[in-house]
Amino acid sequence: MKLLHIDSSILGDNSASRQLSREVVQAWKAADPSIEVVYRDLAADAIAHFSAATLVAGGTPEDVRDAAQAFEAKLSAETLEEFLAADAVVIGAPMYNF
């Protein structure tokens with residue numbers, strides 16, 4: 001089984017959502033040690049919002065993409081593949097000023 005663990009809080013180790021999502025993943029792994037976890041930290045490695053540049057990059061043939069388009073297309077493909085390959089997703093979403 002593949003589990004995609006996504007964190008997004010900008011507070012790092014001081015983040016309650018990161019602590020909670022980590023505990024959920026640890027409990028899941030304790031119940032089934034064979035689980036493969038893929039981790040994505042959206043605060044450390046931000047993904048741009050879907051934009052016209054993203055759309056153009058995806059629609060441009062690979063051999064004629066400039067560096068920015070190649071980066072956009074690669075990142076989009078990688079993150080989509082991570083999501084589609086996952087059997088389960090754990091999302092640590094912060095709530096600031098709670």
Side-chain angles (χ1 to χ4, degrees):
M1 179 177 149
K2 284 190 172 187
L3 181 131
L4 176 58
H5 178 188
I6 300 171
D7 274 329
S8 58
S9 174
I10 60 173
L11 299 179
D13 291 336
N14 296 318
S15 166
S17 65
R18 284 177 183 270
Q19 293 169 14
L20 290 170
S21 68
R22 183 174 43 246
E23 288 178 19
V24 168
V25 171
Q26 287 172 346
W28 214 326
K29 282 198 62 86
D32 183 359
S34 69
I35 290 176
E36 177 186 339
V37 178
V38 174
Y39 182 72
R40 182 162 290 274
D41 185 339
L42 298 179
D45 294 312
I47 298 173
H49 292 283
F50 187 75
S51 66
T54 308
L55 185 62
V56 168
T60 301
E62 189 172 347
D63 58 331
V64 295
R65 290 178 184 150
D66 62 26
Q69 290 173 328
F71 176 79
E72 280 290 324
K74 181 177 183 270
L75 183 59
S76 292
E78 286 174 354
T79 54
L80 179 60
E81 178 55 35
E82 284 175 356
F83 180 75
L84 293 176
D87 298 301
V89 180
V90 173
I91 301 172
M95 182 179 285
Y96 302 111
N97 298 327
F98 180 61

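Atoms NZ and CG, from Lys2 and Leu84 in turn, are 11.0 Å apart once rounded to the nearest 0.5 Å. Atom CD of Gln26 sits about 9.0 Å away from atom NE2 of His5, to the nearest 0.5 Å. Atom-to-atom distance recorded for Ile10:CD1 and Tyr96:OH is 4.0 Å, nearest 0.5 angstrom.
Of all non-hydrogen atoms in Asn14 and Gln19, the two that sit nearest each other are C-NE2, 4.5 Å. Of all non-hydrogen atoms in Gln69 and Val56, the two that sit nearest each other are NE2-CG1, 3.5 Å. Heavy atoms only, all atoms of each residue included: His49 and Thr54 are closest at O-OG1, 3.9 Å. For the residue pair Ala57 and Glu72, the shortest heavy atom distance occurs at CB-CB, 3.8 Å. Between Val90 and Trp28, the closest heavy-atom pair is CG2-CZ3, 3.9 Å. Between Asp41 and Ala44, the shortest heavy-atom contact is OD1-N, 3.2 Å.
Asp7 and Arg22 are not joined by a salt bridge, as no carboxylate oxygen comes within less than 4.0 angstrom of a charged side-chain nitrogen.
Put simply, the residue from Ser8, Ser21, Ser9 that forms a side-chain hydrogen bond (donor to acceptor under 3.5 Å, both in side chains) with Ser15 is Ser9.
Linking ILVMFWY side-chain heavy atoms closer than 4.5 Å, directly or via other members, places Val37 and Val24 in a single hydrophobic cluster. Leu80 and Ile6 end up in the same hydrophobic cluster when Ile, Leu, Val, Met, Phe, Trp and Tyr side chains are linked at under 4.5 Å. Using a 4.5 Å cut-off between side-chain heavy atoms of Ile, Leu, Val, Met, Phe, Trp and Tyr, with links allowed through other members, Val25 and Ile35 fall into the same hydrophobic cluster.
With a 6.0 Å radius and a threshold of 12 heavy atoms from other residues, nucleotides or ligands, Phe50 has its CZ atom above the threshold. Counting non-hydrogen atoms of neighbouring residues, nucleotides and ligands closer than 6.0 angstrom, the CG atom of Asp13 reaches no more than 12 such neighbours. Within 6.0 Å of atom OH in Tyr39, more than 12 heavy atoms from other residues, nucleotides or ligands are found, so the atom counts as buried in its surroundings. Annotation: Lys29, atom NZ; neighbour count of heavy atoms from other residues, nucleotides and ligands within 6.0 Å is above 12.
The backbone N or O of Gly92 sits nowhere less than 3.5 Å from a side-chain atom of Arg18 that would complete a donor-acceptor pair.
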